[in-house]
Amino acid sequence: MSEAEALEKIEKARRARRGRFSLNEERITLNHGAGGKASSVLVEGLFAEAFGMGVLEDAARLPQDLVLTTDSYVVDPIFFPGGDIGSLAVHGTLNDLATSGAEPLALSLGVILEEGFPLADLRRIVQSAADACRSEEVRIVTGDTKVVPRGKCDRIYLNTTGVGLIRHAHQLSLGAARPGDSVLISGPIGDHGITVLVARGDLHLDLELVSDSAPVTRLARALVEGLEELHCLKDPTRGGVATSLNEIAAASGVAVALEEDALPIRPPVAGACELLGIDPLHVACEGRLLAIMPSYLAEKALDIARTFEPRAALIGTILEKPEGTVFLRTRLGATRVLDMLAGAPLPRIC
């Protein structure tokens, strides 16, 4: 079968699936918080409809080029190789600002604590968040603390809100990808999700792997300043690279073709995913970004990205059709659809 025939079959399958997912459950499930299809249905079908929201970006652009973003963190375990819930919360919010093209100005921090939570652990988390802010020269300037009775929450939950300022002319958006564009990933895929899963101790795996939790602010700034044209930046957190690219494909009305041979996936991540029967492209990253730019700037973008992470890679191309679809060209010459994450194979990873 030619790729054109395969794409036609993909388009027919996509049309057949349209409308299958709707908000018709009676109760919230873990799937609604996993960052995949159920999350999208919940947010778009309930919150976005009620509040009159349009395209759901990771941050909202306000008047006078201000940007606002907010996120909550419920990771389990709260300490993991390469980070903890404190630094993760700061990195996540800074990264949402950075991929919107904004320079961070200030953060807020909300803390919900369970009665009996060890003060030593709280000190460690607060210091980690402070260190993460200090490294990026941004401050937490306000916040809130609540304590709930024992058993009413799981140890500690954090919420961070960030304000940033756009200082450039690029019009970055999930809906700005164009046919012919190139897709870049800034480093290896899936490190965070697999690290957190292994840290729980359920798999009894001995992997030399740490979370990729880190700020992408400097890389985002370098791409914004170094490229004449840039269409989209996105950090592939919950739901992974595949879900993020599906959001871009749907918002832009394009297709995304990925090359399996180009994907940077560390062997421990690939092995753990194979053991668990999950796709690395559905596993969360917390220190990576996807960048979409015209193809004539792809190599320049790659050179910039590799000054931060040598394993940055160009992994795919934006096509005109089939609209709203992401697919993978495999090493065997086949074509496989990459849909949004279904279910919650890795709960509580961010």
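This chain uses plain numbering: 1 for the first residue, then up along the sequence. Everything numeric here is computed off the predicted structure, so don't read it as measured data.
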query = Do Leu66 and Leu94 share a hydrophobic cluster (ILVMFWY, side-chain heavy atoms under 4.5 Å, transitive)?
reply = no

ask   = Is the closest side-chain heavy-atom distance between Pro236 and Ile185 below 4.5 Å?
value = yes

ask   = Does the side chain of Tyr73 reach to within under 4.5 Å of the side chain of Asn159, using non-hydrogen atoms?
value = no

remark   = So the salt bridge (charged side-chain N to carboxylate O under 4.0 Å, His left out) pairs with at least one residue in residues 298-310 (sequence neighbours excluded) are Glu228-Lys300

request  = Looking only at non-hydrogen atoms, find the nearest pair between Asn246 and Leu338 and report the distance.
outcome  = ND2-O, 2.8 Å

query = How long is the span from the CZ atom in Arg61 to the CG atom in Asp65, to the nearest 0.5 Å?
reply = 4.5 Å

task = Answer yes or no: is there a donor N or O on one side and an acceptor on the other, between the side chain of Glu260 and the main chain of Arg331, under 3.5 Å?
result = yes

ask   = Is there a side chain to side chain contact (heavy atoms under 4.5 Å, CB included) between Asp339 and Phe327 once you walk through the steps?
value = CA-CA 8 Å; Asp339 214 336; Phe327 63 92; over 6 Å; no

message = Are Val126 and Ile140 linked, directly or through intermediate hydrophobic residues, by side-chain heavy-atom contacts shorter than 4.5 Å (ILVMFWY only)?
response = yes

task = Among residues two or more places apart or on two chains, list those pairs meeting salt bridge (charged side-chain N to carboxylate O under 4.0 Å, His left out) that have a residue in residues 276-295.
result = Asp191-Arg288, Asp212-Arg288, Asp279-Arg336

key: Arg178 with Asp181: basic N within carboxylate O range, under 4.0 Å   = no

remark   = Here the side chain to side chain donor-acceptor pair (under 3.5 Å) pairs for residues 139-155, sequence neighbours left out, are Asp76-Arg155, Asp144-Lys146, Asp154-Arg348

query = Does Thr243 use its side chain to pair, donor to acceptor, with the backbone of Gly240 at less than 3.5 Å?
reply = no

remark   = Test side-chain contact (heavy atoms from CB on, under 4.5 Å), reference Leu158, set Leu109, Leu113, Ile78, Leu88, output is Leu109

ask   = Apart from Leu289 itself, what residues make up its hydrophobic cluster when side-chain heavy atoms of I, L, V, M, F, W and Y under 4.5 Å apart count as a link, directly or indirectly?
value = Leu172, Leu184, Val216, Leu219, Leu223, Val224, Leu227, Leu230, Leu233, Met293, Tyr296, Leu297, Leu302, Ile304, Phe308, Leu314

ask   = Taking all atoms of both residues into account, what is the closest heavy-atom pair of Ser135 and Arg218, and its distance?
value = O-NH2, 3.0 Å

task = Answer yes or no: is there a donor N or O on one side and an acceptor on the other, between the side chain of Thr93 and the main chain of Ala89, under 3.5 Å?
result = yes

key: Linked, directly or transitively: Phe79 and Ile112 (ILVMFWY side chains, under 4.5 Å)   = no

query = If you measure from NE2 on His91 to OG on Ser128, what distance do you get to the nearest 0.5 Å?
reply = 7.0 Å

Qualifying residues under salt bridge (Lys or Arg N to Asp or Glu O under 4.0 Å), relative to Asp58, sequence neighbours excluded = Lys234

query = From Leu281 CG over to Leu263 CG, what is the distance, rounded to the nearest 0.5 angstrom?
reply = 5.5 Å

request  = Measure the CD-CG distance between Glu136 and Asp131 for me, rounded to the nearest 0.5 Å.
outcome  = 12.0 Å

inquiry  = Less than 4.5 Å apart, side chain to side chain, heavy atoms only: is that true for Leu290 and Val241?
reply    = yes

request  = Take Val337 and Val326 through the side chain to side chain contact (heavy atoms under 4.5 Å, CB included) test and state the conclusion after the steps.
outcome  = CA-CA 6 Å; Val337 174; Val326 180; over 6 Å; no

query = Thr195 and Ser211: side-chain donor and acceptor closer than 3.5 Å?
reply = no

request  = Taking the side chain as every heavy atom from C-beta outward, state whether Leu245 and Leu258 have any atom pair closer than 4.5 Å.
outcome  = yes

key: Student check: side-chain heavy atoms of Val183 and Ile318 closer than 4.5 Å   = yes

request  = If a pair satisfies salt bridge (charged side-chain N to carboxylate O under 4.0 Å, His left out) and one of its residues is in residues 103-125, list it, with sequence neighbours excluded.
outcome  = Glu103-Arg221

ask   = If you take all heavy atoms of Cys232 and Ile248, which pair is closest and at what distance?
value = SG-CD1, 3.8 Å

Residues, nucleotides or ligands: over 12 heavy atoms within 6.0 Å of Glu229 CD = yes

message = Nearest 0.5 angstrom please: Cys273 SG to His282 NE2, how far?
response = 11.0 Å

ask   = Do the side chain of Thr99 and the main chain of Asn95 share a donor and acceptor less than 3.5 angstrom apart?
value = yes

inquiry  = Would Leu209 and Val198 count as a side chain to side chain contact (heavy atoms under 4.5 Å, CB included) here? Give the steps.
reply    = CA-CA 9 Å; Leu209 194 65; Val198 172; over 6 Å; no

request  = State, yes or no, whether a side-chain contact exists between Ile189 and Val269 at a heavy-atom distance under 4.5 Å.
outcome  = no

inquiry  = Using every non-hydrogen atom in the two residues, find where Gly180 and Ser295 come nearest and quote the distance to one decimal.
reply    = O-CB, 3.3 Å

ask   = Step by step, would you call Thr160 with Ser108 a side chain to side chain contact (heavy atoms under 4.5 Å, CB included)?
value = CA-CA 5 Å; Thr160 42; Ser108 75; 5.9 Å; no

Side-chain touch Ile315/Pro264, heavy atoms, less than 4.5 angstrom = yes

remark   = Correct closest heavy-atom pair for Gly190 and Cys285 would be N-SG, 3.3 Å

ask   = Is there a side-chain contact between Ile166 and Val67, using heavy atoms and a 4.5 Å cut-off?
value = yes

query = Any donor and acceptor pair, going by atom type alone, linking the side chain of Ser252 with main-chain N or O of Leu174 inside 3.5 Å?
reply = yes

query = Considering all heavy atoms of both residues, which atom of Pro179 and which atom of Leu319 are nearest to each other, and what is their separation?
reply = CB-C, 4.1 Å

message = Using a 3.5 Å distance criterion without hydrogens, assess whether the side chain of Asp84 forms a donor-acceptor pair with backbone atoms of Gly86.
response = yes

Hydrophobic cluster membership, Leu165 vs Leu97, 4.5 Å side-chain cutoff = no

ask   = So, Ser213 and His192: side-chain donor and acceptor under 3.5 Å apart, yes or no?
value = no

query = How long is the span from the CG atom in Asp235 to the OG atom in Ser244, to the nearest 0.5 Å?
reply = 7.0 Å

task = Examine Phe51 and Leu42 and state if one hydrophobic cluster contains both, with Ile, Leu, Val, Met, Phe, Trp and Tyr joined whenever side-chain heavy atoms are less than 4.5 Å apart.
result = yes

ask   = With distance as the sole criterion, is a donor-acceptor pair present between the side chains of Ser100 and Glu57 under 3.5 Å?
value = no

